[in-house]
There are 2 protein chains.
Amino acid sequence: MATRTDAPTRREQILKEAARLFAERGFHGVGVDEIGAAVGISGPGLYRHFAGKDAMLAELLVGISGQLLKGAKRRLAEADGVPPEAVLDSLIEGHIDFALDDRPLITLHDRELDRLRDSDRKLVRQLQRQYVELWVEVVRKVYPELTEPTARSAVHSVFGLLNSTPHLGRPGALPGRGGMAELLHRMARGAFGAAGG
Amino acid sequence: MATRTDAPTRREQILKEAARLFAERGFHGVGVDEIGAAVGISGPGLYRHFAGKDAMLAELLVGISGQLLKGAKRRLAEADGVPPEAVLDSLIEGHIDFALDDRPLITLHDRELDRLRDSDRKLVRQLQRQYVELWVEVVRKVYPELTEPTARSAVHSVFGLLNSTPHLGRPGALPGRGGMAELLHRMARGAFGAAGG
DNA sequence: CCTTCAGGTTAACGACCGCTAACCTCCCTG
DNA sequence: CAGGGAGGTTAGCGGTCGTTAACCTGAAGG
């Protein structure tokens with residue numbers, strides 16, 4: 001993993017805070033003044049960095065979908081000769097890392113898609129579709145008894161399972177980050193296995 | 001089930017359309033004029049039936065949580081002498097029926113909770129917590145190897161799995177209502193089973 | 001037949017919000 | 001040391017939205 005050591009740019013600060021606020025109160029529930037205040041500048045100052053509020057959401061959603069897809073593609077490319085079970089495990093692991101480490105983004109990802117301009121929404125949906133298709137292919141290699149529509153539904157359901165972490169109150173009395181990752185991983189595999197029947 | 005034969009009241013019409021619109025575009029993304037138009041009256045006419053837009057959302061969310069909890073309690077009460085596996089199956093079945101038949105409500109249920117007044121939010125959260133606790137109890141009877149925090153996390157994750165249906169495009173090429181219910185049921189059981197280890 | 005009231009209507013107010021305009025202030029560079 | 005761009009500021013405009021006010025109408029009841 002290419003760890004960042006340099007300080008985040010202002011743009012990145014803004015995107016991060018906007019993601020948090022959008023996830024907490026919804027796109028329409030957050031004003032530009034609040035976003036500005038979260039990074040220490042005031043409302044209209046944001047327009048030096050983004051064309052508008054919509055552009056922030058668009059960049060966030062396109063970024064998320066792109067990152068997920070890119071990570072999945074990389075994992076598949078590295079999986080030459082690796083048994084499909086291990087590839088699926090790798091996909092699951094990547095998704096879990098994302099869900100646990102970028103909870104606001106995961107929340108936005110399936111909550112605010114409809115607030116985008118048509119062109120942006122199409123782009124995001126296309127990226128999402130590609131991501132799903134990668135999963136479906138791998139899942140069907142591991143569980144050949146699954147038909148294609150069933151596998152697709154199963155993949156969506158497992159996404160729901162993996163993305164459920166934001167709904168858990170703050171870290172709290174949970175199994176902890178490592179334990180949670182392991183639990184989610186086992187449940188995902190169990191769900192896929194049971195989908196066959 | 002107590003099937004309704006009489007026509008829905010205007011209040012019920014409004015709630016149903018409001019739920020659909022809120023689920024589609026978010027609470028803040030829908031105007032009262034739109035809600036009114038959806039039932040054939042115009043904006044301010046709604047105020048003959050509800051104190052305000054907030055009151056509609058509150059009634060929806062309290063209603064959902066209450067219905068889910070009531071259904072689960074009824075199922076538990078009917079389960080005297082029944083093996084815990086069957087009780088869990090009954091809970092799962094009830095939740096799936098709700099998720100498949102009232103998709104907008106399920107969507108609202110975990111998306112717009114934070115838009116409520118403090119008192120309403122507390123009430124909804126309390127109902128939700130009770131519902132989760134019922135599940136946790138039953139799950140731990142079926143899978144005694146699960147610790148209590150793990151069982152709770154697993155229950156939340158399975159909710160994520162079962163509630164994922166709204167994310168699937170319109171009915172489409174899916175397995176169909178019956179097949180989808182069966183698929184979700186198997187996956188939920190598989191996920192719980194795998195949570196143990 | 002008059003009253004009442006449930007359930008509508010339109011007009012309009014006040015608040016808020018996204019965005020632009022106009023201006024300021026460093027800091028870098030030739 | 002001029003000057004110009006990057007990145008802020010505040011004031012304010014225009015539109016939208018939730019809500020209220022004032023008025024209308026048709027049906028039920030004594």
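Numbers restart at 1 for each chain; the letters A, B, ... are given by sequence-line order, proteins then strands.
- Closest of all the heavy-atom pairs between B:Ile14 and B:Phe50 is CG2-CE1, 3.6 Å.
- Looking at heavy-atom distances under 4.0 Å, A:Val39 makes no contact with the nucleic acid at all.
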Identify the pairs formed between an N or O of the protein and an N or O of nucleotides 5-8 of chain C at a distance under 3.5 Å, and give each distance.
residue	atom	partner	partner atom	Å
C:dG8	OP1	B:Arg10	NH1	2.7
C:dG8	OP2	B:His49	NE2	2.8
C:dG8	N7	B:Arg48	NE	2.9
C:dG8	O6	B:Arg48	NH2	2.1

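- Counting heavy atoms from C-beta outward, B:Met180 and B:Ile96 have side chains that stay 4.5 Å or more apart.
- B:Arg20 has a carboxylate O that lies under 4.0 Å from a charged side-chain N of B:Glu17, or vice versa, which qualifies the two as a salt bridge.
- Atom pair A:Leu57:CG and C:dG18:P shows a separation of 13 Å (rounding to whole Å applied).
- B:Asp114 CG to B:Arg121 CZ: the interatomic distance, rounded to the nearest 0.5 Å, is 6.0 Å.
- A straight line from CD1 of A:Ile14 to C1' of D:dG7 spans 10 Å, rounded to a whole angstrom.
- In this structure, CZ of A:Arg11 is placed 14 Å from C1' of D:dA6, rounded to the nearest angstrom.
- Atom CZ of B:Phe22 and atom P of D:dC17 are 13 Å apart (whole Å).
- When side chains are defined from C-beta on, A:Arg111 does not count as touching A:Phe22, because their heavy atoms never get closer than 4.5 Å.
- Here D:dT9 presents its C1' atom at 13 Å from CG of A:Leu46, a figure rounded to the nearest Å.
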All N/O pairs under 3.5 Å across the protein-nucleotides 19-21 of chain D interface:
residue	atom	partner	partner atom	Å
D:dT19	OP2	B:Tyr47	OH	2.4
D:dT19	OP2	B:Lys53	N	2.9
D:dT19	O5'	B:Tyr47	OH	3.1

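- Between the side chains of B:Arg11 and B:Thr9, no donor-acceptor pair is found at a separation under 3.5 Å.
- A:Ser90 contributes no side-chain N or O that, together with a main-chain N or O of A:Ala86, makes up a donor-acceptor pair within less than 3.5 Å.
- Salt bridge B:Glu12/B:Lys16: absent, no basic N to carboxylate O contact under 4.0 Å.
- Going from atom NE2 of B:His28 over to atom C1' of C:dC17 covers 13 Å, rounded to whole Å.
- Salt bridge status for B:Lys141 with B:Glu85: absent, with no side-chain N to carboxylate O gap under 4.0 Å.
- Straight-line distance from the CD atom of A:Gln13 to the P atom of D:dG7: 12 Å, rounded to whole Å.
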